[in-house]
Amino acid sequence: YQRSIRRQSTLPAETLDGYRIEVQSNIELLEEVPQVLDSGADGVGLYRTEYAFLARRQPPSEQDLCDEYSQVAALMSPRQVVFRTLDVGADKMLREQVRMEEPNPALGLRAIRFCLRHQDVFRTQLRAILRASVHGNVALLFPMISGIQELRQARHILQEVRQELDAEGIPHAPDMPVGIMVELPSAVLIADALAHEVDFFSIGTNDLIQYSLGIDRGNRHVSYLYQPLHPAIVRSIKLVVDSAHRAGISVSVCGEVASDPFCLPILMGMQIDSISIAPQAVPGIKHIIRKTNMEECKTLTRDVLNATTVSTINRMVKETIYNRF
Ligand code: PEP
Ligand code: MG
């Protein structure tokens, strides 16, 4: 049975009633690319670039980064690779950040905030990603965007870096899509406005749950409250998906919930365009999608959006899943 799931993993993830969902992978290292290709994933939906920085004493050079990103892009081509700019801080600390000793690092100088403060690091990475963009199908993703002005500031720097490369005669893809992680409640509430300024959304549920429910994602004392199917989370995701689609852009879910067979039918019922999950989860999740009826998911999602407690939602999902198998 396992073997037949693996054999079918290169088939598209299409539901019984003909809806196609892209299934991409989350990775952090060049060395993981063969596993992604082997898994049957449709691309890399989230390349977490921070690990190259965390693993070294000194920040990597532009050439180091460009070599790594170009190889990933070329190996995955023509499939897409979404490079997320540096998401350090909180659970992923650089040495200098450890020394800073912020009282609340998860609410501190993290991700895009760190990059806008340390623009030398940011510009180096943007140059490397832009240079790699000619070697495959590359997209760029900004993490932890909290508002329009922050996004515009990041885009402005990207534009300056593009002009710099043009002036130096260094090639880069002029049409590289630019997206944002929607993982803060503020971004959810202004998703309609943000959607007009980017090419795609990627919903980071790991952080969206942490910041919406006020639960430290790494704190075991409150882990019982870390509830992916909390009505507030389900409604937030729905708001983001609808805002994206109204603006004509695509939306992906790249947090852990996307590979949870219990949560996936609800995401599918909202008609997300793609998910990005660990490579080892790809064959099994593609198999589940191929056995699923989208109309059933839509009905489930409609009911779930009216529910007000986690236990009601859990019961609704269980009933749908048990009826099906
Ligand atoms: C997320 O927040 O859901 C996400 C995918 O990013 P990370 O886990 O790297 O913060
Ligand atoms: Mg995140």
Side-chain angles (χ1 to χ4, degrees), residues 22-29 32 36 41 43-55 80-94 97 104-115 125 139-146 150-151 154 179-188 191 194 198 200-219 223 226-230 232-234 236-237 239-241 244 250-260 263-264 266-267 270 272-282 285:
E22 294 277 308
V23 179
Q24 300 184 310
S25 266
N26 297 345
I27 58 167
E28 34 215 60
L29 298 166
E32 290 174 281
V36 174
V44 172
L46 172 62
Y47 192 88
R48 291 181 164 108
T49 59
E50 44 280 0
Y51 288 84
F53 289 79
L54 296 171
Q80 190 183 50
V81 180
V82 181
F83 289 103
R84 181 175 71 184
T85 59
L86 199 54
D87 180 10
V88 286
D91 51 322
K92 317 160 183 110
M93 291 279 196
L94 289 181
Q97 290 180 305
N104 287 304
L107 304 179
L109 201 62
R110 203 195 142 176
I112 197 70
R113 303 167 185 180
F114 177 88
C115 286
Q125 189 180 34
L140 182 72
L141 181 62
F142 294 129
M144 290 274 295
I145 291 290
S146 66
E150 196 175 40
L151 168 61
I180 56 166
M181 297 278 295
V182 179
E183 51 187 346
L184 292 177
S186 59
V188 170
L194 289 165
V198 290
F200 65 96
F201 281 161
S202 189
I203 306 178
T205 49
N206 302 342
D207 277 310
L208 186 59
I209 296 167
Q210 155 163 279
Y211 292 119
S212 301
L213 303 182
I215 306 300
D216 178 345
R217 61 193 265 188
N219 183 338
S223 61
Y226 192 92
Q227 295 160 323
L229 293 185
H230 189 294
I233 301 301
V234 179
S236 293
I237 297 173
L239 222 112
V240 177
V241 174
S250 64
V251 55
S252 170
V253 175
C254 64
E256 291 298 315
V257 302
S259 57
D260 181 342
C263 301
L264 184 61
I266 298 174
L267 302 177
M270 293 182 194
I272 51 160
D273 302 285
S274 60
I275 56 173
S276 193
I277 59 181
Q280 59 272 22
V282 170
I285 289 293

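Note that ligands are numbered from 1 as they come in the structure, with each ligand's atoms numbered from 1 the same way.
Counting atoms of ligand 1 from 1 in the listed order, those under 4.0 Å from a heavy atom of M181 are 4 (C), 5 (C), 6 (O). Close contacts between ligand 1 and C254 involve ligand atoms 5 (C) [criterion: under 4.0 Å to a heavy atom]. Atoms of ligand 1 lying under 4.0 Å from at least one heavy atom of G204, given by number and element, are 1 (C), 2 (O), 3 (O). Counting the atoms of ligand 1 from 1 in the order shown, those under 4.0 Å from a heavy atom of E183 are 1 (C), 2 (O). Of all atoms in ligand 1, numbered sequentially from 1 with element shown, those under 4.0 Å from a heavy atom of R217 are 2 (O), 7 (P), 8 (O), 10 (O). Close contacts between ligand 1 and G255 involve ligand atoms 3 (O) [criterion: under 4.0 Å to a heavy atom].
Looking at S252 and Q24, their side chains never bring a donor and an acceptor atom within 3.5 Å of each other.
The side-chain contact (heavy atoms from CB on, under 4.5 Å) test with L140 is passed by exactly one of V82, V198, I180, T85: T85.
For the atom pair F142 CZ and D87 CG, the distance stands at 13.0 Å (nearest 0.5 Å).
Only the side chain of R110 comes within contact range of ligand 1, with a heavy atom under 4.0 Å; no backbone atom does. Heavy atoms of R48 found under 4.0 angstrom from ligand 1 belong exclusively to the side chain. Neither the backbone nor the side chain of M144 comes within 4.0 Å of ligand 1, counting heavy atoms alone. Of the heavy atoms in R84, only side-chain atoms (C-beta onward) come closer than 4.0 Å to ligand 1. Contacts between L46 and ligand 1, counted as non-hydrogen atom pairs separated by less than 4.0 Å, involve the side chain only.
With respect to the Mg ion (ligand 2), E183 has OE1 as its nearest N, O or S atom.
Among the backbone and side-chain atoms of D207, an N/O/S atom is found under 2.8 Å from the Mg ion (ligand 2).
Judged purely by atom type and a 3.5 angstrom limit, Y226 uses its side chain to pair as donor or acceptor with the backbone of N206. Using modelled atom types, no side-chain atom of E183 and backbone atom of L208 make a donor-acceptor pair closer than 3.5 Å. S25 places no side-chain N or O within donor-acceptor distance of the main-chain N or O of V36, the cut-off being under 3.5 Å.
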Practice task
Might you work through the side-chain contact (heavy atoms from CB on, under 4.5 Å) test for Q80 and V44, ending with a clear yes or no?
Solution key: CA-CA 6 Å; Q80 190 183 50; V44 172; over 6 Å; no
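Within a 6.0 Å radius of CD in E256, no more than 12 heavy atoms belonging to other residues, nucleotides or ligands are found.
The shortest N or O to N or O distance between E50 and ligand 1 is not below 3.5 Å.
Taking both residues in full, the closest heavy atoms of G204 and C254 are given as CA-SG, 4.2 Å, listed atom of the first, atom of the second, then distance.
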